[in-house]
There are 2 protein chains.
Amino acid sequence: MGKCEQCIIKQFNALKSLSKEELVRISGCKTSMTVKKGDVIFEEGDSINGVYCVKDGICKLSKLSSNGKDQIVKIVVKGDLLGQRSLITGETANLQATALNDMELCFIPKNEIVNDLLNNSKFSFDVLKEMAHDLKKADDIIVNMAQKTVRQRLAETIIYIHDNFGTNPDGTLSVLLSREDFANIVGTAVESAIRVLSQFKKEGLITTIGKRIKINNVEGLKRVE
Amino acid sequence: MGKCEQCIIKQFNALKSLSKEELVRISGCKTSMTVKKGDVIFEEGDSINGVYCVKDGICKLSKLSSNGKDQIVKIVVKGDLLGQRSLITGETANLQATALNDMELCFIPKNEIVNDLLNNSKFSFDVLKEMAHDLKKADDIIVNMAQKTVRQRLAETIIYIHDNFGTNPDGTLSVLLSREDFANIVGTAVESAIRVLSQFKKEGLITTIGKRIKINNVEGLKRVE
DNA sequence: ATAGATTTATGATTTTGGTCATATTTCATT
DNA sequence: AATGAAATATGACCAAAATCATAAATCTAT
C-alpha cells in the first residue's frame with residue numbers, strides 16, 4: 001500500500017496542505033481499494049464516514065430525480081476528493097458516486113481528517129477554497145440549465161470534457177461517456193441527446209468513432225445557438 | 001453604529017464562532033449601510049473585498065445569462081452573509097446581488113476577516129459548513145432544473161419561500177416577489193410563470209391578493225405533477 | 001386626480017424537446 | 001463465429017413551454 005506523503009495525487013487536492021506528520025498518520029489508517037466500471041461507490045443516503053481520494057479513474061456524481069432519471073451533477077477525476085461535503089456537514093450523502101471506468105481509491109476515515117480540519121487552518125482554508133469553487137460551478141450550471149437549450153448545453157458539455165479531461169491520441173474525448181450519460185449531464189432524454197449529437201455531426205462540428213466523440217470545430221461548438 | 005459583539009444577527013451565521021475580542025475588532029472597522037429596494041449591492045465581476053452581513057431586508061443573487069435573462073440562484077435574508085464565496089477564492093463576484101426591499105447591511109473589509117479564517121478554525125469550519133450546505137442546495141436545484149417541469153418548480157418555489165421566510169398576518173408570503181422574479185427563480189418566461197400561477201389559482205392551491213400570494217393547500221402544491 | 005409607465009393577465013401560434021415505436025449497430029458471452 | 005442483449009440511431013407524434021400580441025390592472029409622478 002502506497003504512502004500518502006509520497007503520493008503524487010495529493011498535489012491536486014487539499015491534502016497538499018497537510019504536514020508530513022499528518023500525512024504519515026493518515027497513511028497509517030487509510031485503506032486502498034479498487035472499484036470496477038459501473039460500481040456504485042456510495043449512494044444517496046449512505047453515511048460515508050470519510051473521504052475518498054481518487055488515485056485513478058473517473059466517476060460521476062448523480063442524483064435520482066422523482067421522474068426516475070439520474071441527473072449527473074459532477075464528474076470526478078484522478079486527483080479529486082470524494083465525499084468532502086458530507087464529511088463537513090456530517091450528513092449522509094446527497095449524491096450517488098458511480099465509477100465510469102475502473103478506479104483506484106484511497107479511503108480516509110472521518111476521525112482522522114476531521115481533527116486536521118479543526119486544527120490545521122491552512123488545510124481547512126484549502127478545503128474551503130475547493131468547496132467555494134464547486135459552489136461557483138454549481139451556480140453556473142443552474143444558470144445554464146435554466147436558460148440554455150439542450151443544444152447549447154450539450155455543446156458546452158462536450159467542450160467542458162474536452163478542456164478539463166483531455167483527449168486520446170486520436171483526438172477523441174478521453175472520458176468515454178454513454179449517450180445516456182450525456183443526456184443525464186445535460187438533463188434531457190437519451191433520444192434528444194443522440195439527435196443533437198447527430199445534428200452536430202451533420203454540421204461538421206464533431207465526428208464520432210463508435211461511441212467516441214471528437215471535436216472538429218471548437219469555435220463552431222462554442223457558437224452553437 | 002451598532003456593535004458586532006452585541007448584534008443579535010451574528011447568531012444566525014458563522015460570525016457566532018468568533019470570540020468577543022475578534023468581534024470587537026471587527027466592530028471597529030465595519031461600515032453600516034442602507035440600500036433601497038432595487039439597488040444593486042454588487043454585480044458580477046465586482047471585486048467585493050469583504051463580506052456583507054444582512055441586518056435587515058432581503059436580496060436576490062442572480063446571474064445574467066447569454067439570452068438576456070437574469071437567473072436567480074439564491075434569496076438572501078436577514079442574518080445571512082453575502083459575498084463569502086468571493087472572499088474565500090479571492091475572485092470577483094460570480095453573481096449580482098440586488099435588494100428586493102430596503103436593506104440594512106454591515107460591510108466587513110476582507111483584511112479583517114481573512115485572518116480570522118486562517119486563525120480561528122472554529123470560525124473557518126463554520127463557514128465551511130455553510131458553504132457545504134449551500135453546495136448541497138445548489139446540487140438539488142440543478143436536479144430540479146434539469147428534471148422537473150415549470151409547474152413543479154414553481155410549486156416548490158412557493159413552498160420554499162413559505163417555509164423559509166414565513167408569512168404576513170394575512171397568510172400571504174412575507175417575501176414579496178414580482179412575477180418576473182418568480183420566472184427568474186424557476187427559469188422560465190414571465191408569461192409562463194403567470195400562466196402557471198393562474199392555473200394554481202383555478203385549482204384552488206393558492207389565492208392572490210394583488211401581487212401577493214397565499215397558499216391555500218400546501219399538500220396539493222406538494223403533489224403538483 | 002390623471003397620464004403614462006409598468007406589471008399582470010390571457011389568447012394564438014410556434015418551437016423545443018419528450019415519448020413511443022422501430023431499426024440498426026455494437027458488444028459480450030457462449 | 002453466432003446469438004442475444006444493450007446501446008445507438010431515426011422517424012412520427014405529442015406535450016410543454018417560448019414567443020408574440022394585446023388587454024387589463026396597478027403603480028408612479030406630476
Side-chain angles (χ1 to χ4, degrees), chain A residues 36-38 65-71 98 100-102 144-158 172-173 176-203 206-214 224-225, chain B residues 36-38 65-71 98 100-102 144-158 172-173 176-203 206-214 224-225:
Chain A
K36 294 222 170 304
K37 180 179 172 173
S65 177
S66 46
N67 67 359
K69 283 190 187 154
D70 202 41
Q71 179 65 36
T98 313
L100 288 169
N101 50 30
D102 293 352
N144 286 343
M145 284 291 173
Q147 304 289 353
K148 296 193 176 171
T149 63
V150 167
R151 226 175 113 76
Q152 289 173 308
R153 290 184 337 246
L154 189 45
E156 285 180 15
T157 300
I158 294 170
T172 57
L173 300 181
L176 180 59
L177 297 171
S178 67
R179 302 296 191 249
E180 190 178 10
D181 285 330
F182 275 107
N184 291 345
I185 293 173
V186 168
T188 190
V190 183
E191 298 95 322
S192 297
I194 290 173
R195 229 180 284 272
V196 173
L197 285 176
S198 299
Q199 197 60 37
F200 286 168
K201 248 195 298 190
K202 277 189 197 143
E203 295 167 25
I206 62 170
T207 320
T208 58
I209 305 165
K211 61 166 61 175
R212 297 192 167 275
I213 292 171
K214 183 178 168 182
V224 160
E225 286 288 314
Chain B
K36 295 224 169 303
K37 179 177 174 175
S65 177
S66 47
N67 67 0
K69 284 190 187 154
D70 201 42
Q71 179 64 36
T98 314
L100 288 169
N101 49 31
D102 292 353
N144 285 343
M145 284 292 173
Q147 305 289 353
K148 296 192 176 171
T149 62
V150 167
R151 228 175 111 75
Q152 288 174 307
R153 285 176 354 237
L154 188 46
E156 286 179 14
T157 300
I158 294 171
T172 57
L173 301 182
L176 179 59
L177 297 171
S178 67
R179 302 297 190 248
E180 189 179 11
D181 285 330
F182 275 107
N184 292 344
I185 293 173
V186 168
T188 190
V190 183
E191 298 94 320
S192 297
I194 290 173
R195 231 180 283 273
V196 173
L197 286 176
S198 300
Q199 196 60 37
F200 286 168
K201 250 195 295 188
K202 277 186 198 147
E203 295 167 25
I206 63 169
T207 320
T208 57
I209 306 165
K211 60 166 58 175
R212 298 194 166 273
I213 292 172
K214 183 178 168 183
V224 159
E225 286 289 313

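Within every chain, numbering begins at 1; the chains are lettered A, B, ... in the order of the sequence lines, protein sequences first and strands thereafter.
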Nearest-Å distance for atom pair [atom1]/[atom2], residues [X] and [N]:
X: Gln152(A); N: dA18(D); atom1: CD; atom2: P; value: 14 Å
X: Glu180(B); N: dT26(D); atom1: CD; atom2: C1'; value: 16 Å
X: Asp181(A); N: dA6(D); atom1: CG; atom2: C1'; value: 14 Å
X: Ile209(A); N: dA7(D); atom1: CD1; atom2: P; value: 21 Å
X: Asn67(B); N: dA17(D); atom1: CG; atom2: P; value: 16 Å
X: Lys36(A); N: dA28(C); atom1: NZ; atom2: P; value: 14 Å
X: Leu177(B); N: dT6(C); atom1: CG; atom2: C1'; value: 17 Å
X: Gln199(B); N: dT8(C); atom1: CD; atom2: P; value: 19 Å

Do [X] and [Y] make a side-chain contact, defined as non-hydrogen atoms from C-beta onward lying under 4.5 Å apart?
X: Asn184(A); Y: Gln71(A); value: no
X: Leu197(A); Y: Thr208(A); value: no
X: Phe182(A); Y: Val196(A); value: no

Verdict with reasoning, Leu176(B) to Asn101(B), per side chain to side chain contact (heavy atoms under 4.5 Å, CB included): CA-CA 9 Å; Leu176(B) 179 59; Asn101(B) 49 31; over 6 Å; no
- prompt: Looking across every strand, which nucleic acid part, if any, lies under 4.0 Å from Lys148(A) by heavy atom: base, sugar-phosphate, or nothing?
  reply: nothing
Are any of [X]'s side-chain N or O atoms less than 4.0 Å away from OP1 or OP2 of [N]?
X: Lys69(B); N: dA18(D); answer: no
X: Ser198(B); N: dT10(C); answer: yes
X: Arg179(A); N: dA9(D); answer: yes
X: Lys211(B); N: dA25(D); answer: no

From the set [options], return the single nucleotide nearest to any side-chain atom of [X].
X: Ser192(A); options: dT8(D), dT19(D), dG17(C); value: dG17(C)
X: Ala189(B); options: dA17(D), dA9(D), dT19(D); value: dT19(D)
X: Thr188(B); options: dA9(C), dA17(D), dA7(D); value: dA17(D)
X: Ile194(A); options: dA9(C), dT10(D), dT19(D); value: dT10(D)

query: Relative to the 5' end of DNA chain D, which residue comes earlier, Ala193(B) or Lys37(B), by the nucleotide with the nearest heavy atom?
result: Ala193(B)
field: First of Val196(A) and Lys201(B) reached from the 5' end of DNA chain C, by closest nucleotide
entry: Lys201(B)
- request: Please indicate whether Glu180(A) has more than 12 foreign heavy atoms, meaning atoms of other residues, nucleotides or ligands, lying under 6.0 Å from its CD.
  value: no
- prompt: For the side chain of Arg195(B) and the base of dG11(C), is some donor closer than 3.5 Å to an acceptor across the two?
  reply: yes
